[in-house]
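First comes the structure, then the notes that go with it.
Just so it is clear, the values below take in all heavy atoms, side chains as well, and ignore hydrogens, waters and symmetry mates. Values in this document were obtained by computation on a predicted structure and should not be read as measured data.
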Amino acid sequence: QLQLVESGGGLVQPGGSLRLSCAASGFTLDYYTIGWFRQAPGKEREGVSCISSSGGRTDYADSVKGRFTISRDNAKNTVHLQMNSLKPEDTAIYYCAAARFRVDYASLVVTKFSYWGQGTQVTVSS
């Protein structure tokens, strides 16, 4: 069974940092674009960041540019999201997801992703 598992969420003060991880089992991430999405209470799920299969292309939501960094380690079948300078508005459940494209492509469109993790809670509060 294909599976993505997020970890690294938790409670952090404003200005703090968290590093989220997305680990895959049952398949290799080498050929997949990996995205991070989040959903806050009462809001729609939104794209946060995405990295292409090669790692050569990335995309970030305007709200996180300069603060978040996505990276991948295909040898470990893992993708990370380093989140710095966290703000209360970053509070949400964070999901990782996988999509396969014909080319080295990055996308933040929710419907393009086929495989989803269960999510990890990130709470930014003093």
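- Considering only residues two or more places apart in sequence or on other chains, T123 meets the side chain to side chain donor-acceptor pair (under 3.5 Å) condition with Q121.
- The distance from atom CH2 of W36 to atom CG of L108, rounded to the nearest 0.5 Å, is 13.5 Å.
- Applying the side-chain contact (heavy atoms from CB on, under 4.5 Å) test to S71 and every residue at least two apart in sequence or in another chain returns H80.
- Y95 and L81 fall into different hydrophobic clusters, where Ile, Leu, Val, Met, Phe, Trp and Tyr side chains are chained together by heavy-atom contacts under 4.5 Å.
- Counting heavy atoms from C-beta on, the side chains of S49 and Y60 come closer than 4.5 Å.
- Two different hydrophobic clusters hold I93 and L18 under the rule that ILVMFWY side chains link at heavy-atom gaps under 4.5 Å.
- Side chain of R72 to backbone of S52: a donor-acceptor contact under 3.5 angstrom is found.
- No side-chain donor from either of Q39 and E44 sits under 3.5 Å from a side-chain acceptor of the other.
- Atom-to-atom distance recorded for I51:CD1 and S107:OG is 14.0 Å, nearest 0.5 angstrom.
- A search for ring-ring contact (aromatic ring centres under 6.0 Å, His included) contacts involving F101 returns Y105, not counting sequence neighbours.
- Both L2 and I34 are part of a single hydrophobic cluster, where members link through side-chain heavy atoms under 4.5 Å apart.
- Nearest heavy-atom pair, L4 versus A24, reported as atom, atom and distance to 0.1 Å: CD2-CB, 3.7 Å.
- Using a 4.5 Å cut-off between side-chain heavy atoms of Ile, Leu, Val, Met, Phe, Trp and Tyr, with links allowed through other members, V48 and V12 fall into the same hydrophobic cluster.
- By the side chain to side chain donor-acceptor pair (under 3.5 Å) test, S126 pairs with no residue at all, sequence neighbours left out.
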Intermediate values then yes/no, side-chain contact (heavy atoms from CB on, under 4.5 Å), Q118 and V5: CA-CA 7 Å; Q118 82 292 337; V5 179; 4.1 Å; yes
T91/V122 under side-chain contact (heavy atoms from CB on, under 4.5 Å): CA gap, chis, key distance, verdict: CA-CA 5 Å; T91 296; V122 172; 5.9 Å; no
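- The salt bridge (charged side-chain N to carboxylate O under 4.0 Å, His left out) contacts involving residues 98-107 comprise nothing, where partners must be two or more places apart or lie in separate chains.
- The shortest distance between side-chain heavy atoms of N77 and T28 falls below 4.5 Å.
- With sequence neighbours excluded, the residues satisfying salt bridge (Lys or Arg N to Asp or Glu O under 4.0 Å) with D90 are R38, R67.
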Stepwise, does the side-chain contact (heavy atoms from CB on, under 4.5 Å) test hold for S21 with V79? CA-CA 6 Å; S21 298; V79 172; over 6 Å; no
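- Q3 places no side-chain N or O within 3.5 Å of a backbone atom of S25 that could act as its donor or acceptor partner.
- Applying the ring-ring contact (aromatic ring centres under 6.0 Å, His included) rule to F113 yields the partners F37; only residues at least two apart in sequence or on another chain are considered.
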Using distance only, find each side-chain donor-acceptor pair of residues 82-89 under 3.5 Å and give its atom names and separation, not counting sequence neighbours.
from	atom 1	to	atom 2	distance (Å)
Q82	NE2	N84	OD1	3.0
N84	OD1	S17	OG	2.9

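- With sequence neighbours left out, K76 forms a salt bridge (Lys or Arg N to Asp or Glu O under 4.0 Å) with D73.
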Could you give me the CA-CA distance, side-chain angles and deciding distance for I70 and D59, then say whether side-chain contact (heavy atoms from CB on, under 4.5 Å) is met? CA-CA 9 Å; I70 191 168; D59 197 11; over 6 Å; no
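- Annotation: ring-ring contact (aromatic ring centres under 6.0 Å, His included) contacts of Y115 (sequence neighbours excluded): F27.
- We find the OG-OH distance between S53 and Y31 to be 9.5 Å, quoted to the nearest 0.5 Å.
- Residues satisfying the salt bridge (Lys or Arg N to Asp or Glu O under 4.0 Å) test with K65, not counting sequence neighbours, are D62.
- For residues 47-81, there are no disulfide bond (SG atoms under 2.5 Å apart) pairs, not counting sequence neighbours.
- When all heavy atoms of R57 and A106 are compared, the pair lying nearest together is O-CB, 4.0 Å.
- Note: Y94 OH to C22 SG = 14.5 Å, rounded to the nearest 0.5 Å.
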